[in-house]
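Input: a single structure, listed below in structure tokens.
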Number of protein chains: 2
Amino acid sequence: MNKYTVTFYPENKKVEVERGTTILSAAISAHIHLNSACGGDGVCGRCKVVVKSGTVHSETSGKITCEERKLGVYLACQALIESNIEVEIPAESRLDLGNLSKEELELRLRDVYSKAEDITQAMPSLGAALFSHAPLVTKFCFQLPKPNFDDKISDLERVYRAVEDKIGEKPIQTGLSNIRHLGELLRASDWKITVAVSQKGPVAEIVSIEPQDRSDKNYGFAFDIGTTTISAQLVDLNKQKILGTKAAYNRQATFGSDVISRIVYSKAQDGLEKLHHAVIDVANEMIETFTEEHGIDLNDVTAVSVAGNTTMIHLLLRVDPTYIRQEPYVPTANYFPAVKAAEAGIKINPHGLLFCLSGVASYVGADITAGVVACDIHQSKDLSLLIDIGTNGEIALGYSDWIISCAASAGPAFEGSGMSSGLRATRGAIQEVRIKPGSFDVEYVTIGGDKPRGICGSGYIDLICELFKHGILDKNGKLNREIKSKRLRNGSLGHEFVVVFEKESGIDADIVITDSDLDNLKRAKAAIYSGIAILVRHMDIDFKDIKKIFIAGGFGTSLNIESAVGIGLIPDVDRHKYIFVGNSSLAGARQALLSCQASLTSDEVAKNITYFELSTDPEYMDEYMAAMFFPHTDIKRFPSVKYV
Amino acid sequence: MNKYTVTFYPENKKVEVERGTTILSAAISAHIHLNSACGGDGVCGRCKVVVKSGTVHSETSGKITCEERKLGVYLACQALIESNIEVEIPAESRLDLGNLSKEELELRLRDVYSKAEDITQAMPSLGAALFSHAPLVTKFCFQLPKPNFDDKISDLERVYRAVEDKIGEKPIQTGLSNIRHLGELLRASDWKITVAVSQKGPVAEIVSIEPQDRSDKNYGFAFDIGTTTISAQLVDLNKQKILGTKAAYNRQATFGSDVISRIVYSKAQDGLEKLHHAVIDVANEMIETFTEEHGIDLNDVTAVSVAGNTTMIHLLLRVDPTYIRQEPYVPTANYFPAVKAAEAGIKINPHGLLFCLSGVASYVGADITAGVVACDIHQSKDLSLLIDIGTNGEIALGYSDWIISCAASAGPAFEGSGMSSGLRATRGAIQEVRIKPGSFDVEYVTIGGDKPRGICGSGYIDLICELFKHGILDKNGKLNREIKSKRLRNGSLGHEFVVVFEKESGIDADIVITDSDLDNLKRAKAAIYSGIAILVRHMDIDFKDIKKIFIAGGFGTSLNIESAVGIGLIPDVDRHKYIFVGNSSLAGARQALLSCQASLTSDEVAKNITYFELSTDPEYMDEYMAAMFFPHTDIKRFPSVKYV
């Protein structure tokens, strides 16, 4: 008897596994997704679970304290199942946004990603208004004339003739599946049909032919597939209306928190399949929930438009991403053909199409193309800068005449990963920090107003700036050991500053920032700033020539520009130039969904964006080293930062 | 126990079936295909088998004589299995050409279908020479430059760039399956690859990408899917060389001998599926045998080009043919998109393409389009007539300025079906007949020189002409009852003329022609002649204005023109105008395979051929009735027929 039953609480979900299976694998089988930033290597310490009964075997881990061990806490990725067991999964070890309450979900959408509607309202140029309305898939209703001896062209030609009348002279094609039972369909519907047509390419493609008039029901989804978060919008393609926006965690996080660890995992047995299914499952659940909520028939969803970084697009389409991380960092494709959504496993109308926006390079993906188009940089007369701060800082600089881009390896510090008290921007994460002069007492704001459970990116930026401002941190990023305060101490992980003591916190521990955390954050901010600086230098311009700076990505509006400038993350220029654009990747995907012209434009833009390779640029290392101070070695670059 | 074992001899093939199954169904399960012209209705009497042991239940049938019944002969379609049985299948009840000897196969190809090579040699205009050599799928070998930091476009763009260099500026697309593992393929092959490209449409399609140089190995198949016979040619697409020609019976004959009975059968449970698989199985066996014989890797077969009548093309692609036989006779499609051969079930390279030539109407199919193009009628200055005599007589008349076509329902008499001693043009079929004056003794030639087993189409035409010439037949088509001869008698099926007595024949019966047979043949010839006449009349021209008359189809060179004119089947014009073109449908399919230009031309030609509907034309019935005499009511139309 080598099979054991694992029961997960609080779901009370049971799953049968073989002896020696890890709890992490068992949880995946039960469709419960755990945090696992390191991809199951036992080093990130994110997948802690409590074994309530039964036996597991696990080597001792530095990530588990003696007290935790006594309470039955294990790393799910290291604990091998040796009997029937019962496992409790704490909220902080979970990945599924689907399991969060509705309020928490909305909160996340509000605080982490600006709603696209807001973008449209705030900045008309970020809506689809600039492009003509011609969705990637359009539905036409036709009452075809019945054939008779004087008009006896074939059924298919009859459909083509009607479509041609609508779209003009353009070659038309369709697949066998639309032809096989066309004869019966036409006659059973008394020659009244709805034809869904995709007009993006040089050949118009008949996507589907349905009986009767369904032309008023035509929906699509825009997706931004982020490494951490997947955002989706349900769009009424006829009315150009966003019916709703949702976000969910990318369950690929079970296999690693950043693109590199996922590319590595893709080489494991069935690795690529698992990564592919992890993202597809989330997308399908979002589509299903969305359509159910709005009472929409899945068959009326005809198109899906996707932006995301290059690795995410590869994994979505189950394309081997191996060479993205091997010199000279060449992806399999930056431009993908439109495919049947079903071919990628996306469940909409069985004939529906999936369009992926085009990327620029391995580390400047379709998310940046989408952002550039959404921010209108490609046709702007003003020199603009787009900064998307995620695990990679993706940066684009330019205007209508040229655009140059680069990717700075910031690492996941700003996403709370690899940090002693780091947390993603979820409920209970500290996102704003003020330190009182003298007492060094800390005032903070958490997401959702909950008791603090950790610190997220914008919280860290605020915190560093405050520590620096109050002399607790020197320009090298070291905590000042001279200062006498109960908050400054030598902890188990080195010198540290206590942000929140255990008694106030929502976890059974102090919330701290350590020298090592500070080093991570310094490297992250240096990578991004020097990326921007090198593009500016390469194009032989000056920071002050930049007219608009778009801040996109996970930080959203929670980023404090003053603090970000204060620590040297972003250039010290007129604050009016900074514009928060939230999820511009999603906005770009939506534009493409609603307009073939936008979709074609983004393909063109992607081709025309020059990619600048930082890793081989001799000057980049100098810039990077110069940025390894708070705010910068060359303080003339940060004239407004007076408290140095 | 309701399962019984049926053993078929001489194959010694066993199959287990349920009680009450017909022997015909059991034979299909055992992949043994029987003649069944009526589709299993028990009326054609073609599927006779001998039950050697065991019990079957069957109603008595007029098709089985008392002697036969005593010998255990049953109609396979009517005999219900009630125990384990052993069944012997006589050669004449078989359908599979695959079971014939090699010599017999070659013979069939020689006598029934002119080899395409011969056509090319005899008439350069029927070869592919007129069209530029650019196969439907072309292979290119590329040694791609390796990516480096100065040239780091994606893998797919690298392939596109190379293809563009070859084919010029044209949009390129490919499917996900060619992209998913492209990265590994390129690197494992050290960037030397072979790309198969289809350039027919406005977008060039990358069909497949293979490692290393396979560009010298590129093969295709041209098919003519006839109602009775499937012909195929294996073609070296690089060298423009025909490597061989094969023919096999269309196993759909198990479900009915003509297109109408097959369309009816397609509505039966799984009917369409079965008809589809019957033709696909034959095609795949031909492809497999052919490639094995020539040591060709199936993966190097990249394209299949198919001509055939409209119903055959529908069934090949598993497209519902129902409406072909319902007024106003509209097919689902006359033009089909190129599809993956695999999608239709054709086993070549998994990415390989299947192209079907375009048809004109329900009863003037791609076979006629192919014939028109192969005979160069579409760009000829000479008014030409193409006659394809099969179950339907398909006729096209015209030249470079216009082409008009019609379909005359000749019925299967010329294919030996429904005739008391009828036989398809197989070994032992009488194909030439001479009657000695006075004695009325009959001299005949059989296919293969075997003992006669029946009479095929060309034999019947000769026979009628001879009977007529010697006064044995009157102009109404009645046997002269005044003549005293042992050969003229009242048989069990009415008045008849004995062509071969049993003692000389290869079957245990006399070979005869009856009044009823003659009536069938008269109707068949009248249908074809009046079809030709009505087109000529409709275009307000004269028979003598026609400069070339191409005779295509099953008769091949075995048709005696003098006899055919003599019975009034074809116009009485200068015999030099008659040109035998054999299987011009196959020739056209091959041209399209070797030249995108030819393929596009045939699409254009199909669109421009006017279809003339005989069934609704008031003058057609008059012409038909006038042709219901030998040779014709209006004997001025046949001035050279002196013996009337």
Side-chain angles (χ1 to χ4, degrees), chain A residues 146-160 170-177 179-184 186-187 201-203 272 310 314 317-324 326-340 343-344 359 361-362 607 611 613 615-616, chain B residues 146-158 160 170-177 179-187 201-203 272 310 314 317-324 326-340 343-344 359 361-362 607 611 613 615-616:
Chain A
K146 286 183 203 181
N148 57 53
F149 281 110
D150 294 323
D151 173 23
K152 48 180 294 186
I153 56 172
S154 75
D155 294 343
L156 186 64
E157 285 167 283
R158 194 167 299 271
V159 174
Y160 280 14
K170 190 173 185 177
I172 301 172
Q173 70 182 16
T174 192
L176 255 191
S177 56
I179 300 173
R180 282 188 164 139
H181 295 283
L182 180 61
E184 199 171 338
L186 292 177
R187 286 159 185 85
V203 175
L272 180 54
T310 305
H314 276 59
L317 299 175
R318 198 154 53 73
V319 174
D320 179 9
T322 303
Y323 304 98
I324 288 178
Q326 292 184 11
E327 270 192 19
Y329 314 118
V330 169
T332 297
N334 285 315
Y335 168 85
F336 286 96
V339 297
K340 279 201 175 180
E343 206 182 340
S362 276
K607 260 188 232 165
Y611 175 72
E613 180 65 53
S615 70
T616 55
Chain B
K146 286 183 202 182
N148 58 54
F149 282 109
D150 294 321
D151 172 24
K152 48 181 294 190
I153 56 170
S154 73
D155 293 344
L156 187 63
E157 286 167 283
R158 192 167 301 270
Y160 279 14
K170 190 173 186 177
I172 300 172
Q173 70 182 16
T174 192
L176 256 190
S177 56
I179 299 173
R180 281 187 164 138
H181 295 284
L182 179 62
E184 198 171 338
L185 186 152
L186 292 177
R187 287 159 184 86
V203 176
L272 181 54
T310 304
H314 276 57
L317 298 175
R318 201 156 50 75
V319 173
D320 180 8
T322 303
Y323 305 97
I324 289 178
Q326 293 183 9
E327 272 193 17
Y329 315 118
V330 170
T332 297
N334 285 315
Y335 169 86
F336 286 96
V339 298
K340 279 200 175 179
E343 206 182 339
S362 277
K607 260 189 231 162
Y611 175 71
E613 180 65 54
S615 70
T616 56

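Residue numbers begin at 1 in each chain, while the letters A, B, ... track the order of the sequences. Both backbone and side-chain heavy atoms feed into the values below; hydrogens, waters and symmetry mates do not. Small disclaimer: the values here were computed from a predicted structure and weren't measured.
Scanning for ring-ring contact (aromatic ring centres under 6.0 Å, His included) contacts around A:Tyr323 gives an empty result, with sequence neighbours left out. A:Lys170 meets the salt bridge (Lys or Arg N to Asp or Glu O under 4.0 Å) test with no other residue; sequence neighbours excluded.
When A:Asp320, A:Leu156, A:Leu176, A:Thr616 are compared by the number of non-hydrogen pairs under 4.5 Å with chain B, A:Leu176 comes out ahead. For the options A:Lys146, A:Glu327, A:Gln173, heavy-atom pairs under 4.5 Å to chain B are most numerous at A:Glu327. Of the listed residues (A:Leu317, A:Leu182, A:Val339), the greatest number of heavy-atom pairs within a distance under 4.5 Å of chain B belongs to A:Leu317. Note on A:Glu157, A:His181, A:Glu184: by heavy-atom pairs under 4.5 Å with chain B, the leading option is A:Glu184.
The closest side-chain heavy-atom distance from A:Leu272 to A:Pro321 is below 4.5 Å. At least one side-chain heavy atom of A:Pro171 sits under 4.5 Å from a side-chain heavy atom of B:Pro202. Residues A:Ile179 and B:Pro337 meet the side-chain proximity criterion, which asks for heavy atoms closer than 4.5 Å.
B:Glu343 touches chain A through backbone and side chain together, each having a heavy atom under 4.5 Å away. Both the backbone and the side chain of B:Thr332 have a heavy atom closer than 4.5 Å to some heavy atom of chain A. Using a 4.5 Å cut-off between heavy atoms, B:Pro147 touches chain A through backbone and side chain atoms alike. Both the backbone and the side chain of A:Tyr329 come within contact range of chain B, with heavy atoms under 4.5 Å apart. Contact of B:Asn334 with chain A is made through backbone and side chain together, with heavy-atom distances under 4.5 Å. In this structure, no portion of B:Leu186 lies under 4.5 Å from any heavy atom of chain A. Both the backbone and the side chain of B:Pro331 come within contact range of chain A, with heavy atoms under 4.5 Å apart. For a residue to count as touching a neighbouring chain, one of its non-hydrogen atoms must lie under 4.5 Å from one of that chain's; by this rule A:Thr174 touches chain B with the backbone only. For B:Val330, the parts lying under 4.5 angstrom from a heavy atom of chain A are both the backbone and the side chain. Using a 4.5 Å cut-off between heavy atoms, B:Tyr611 contacts chain A through its side chain alone, with no backbone atom that close. Only the side chain of B:Arg187 comes within contact range of chain A, with at least one heavy atom under 4.5 Å from a heavy atom of that chain.
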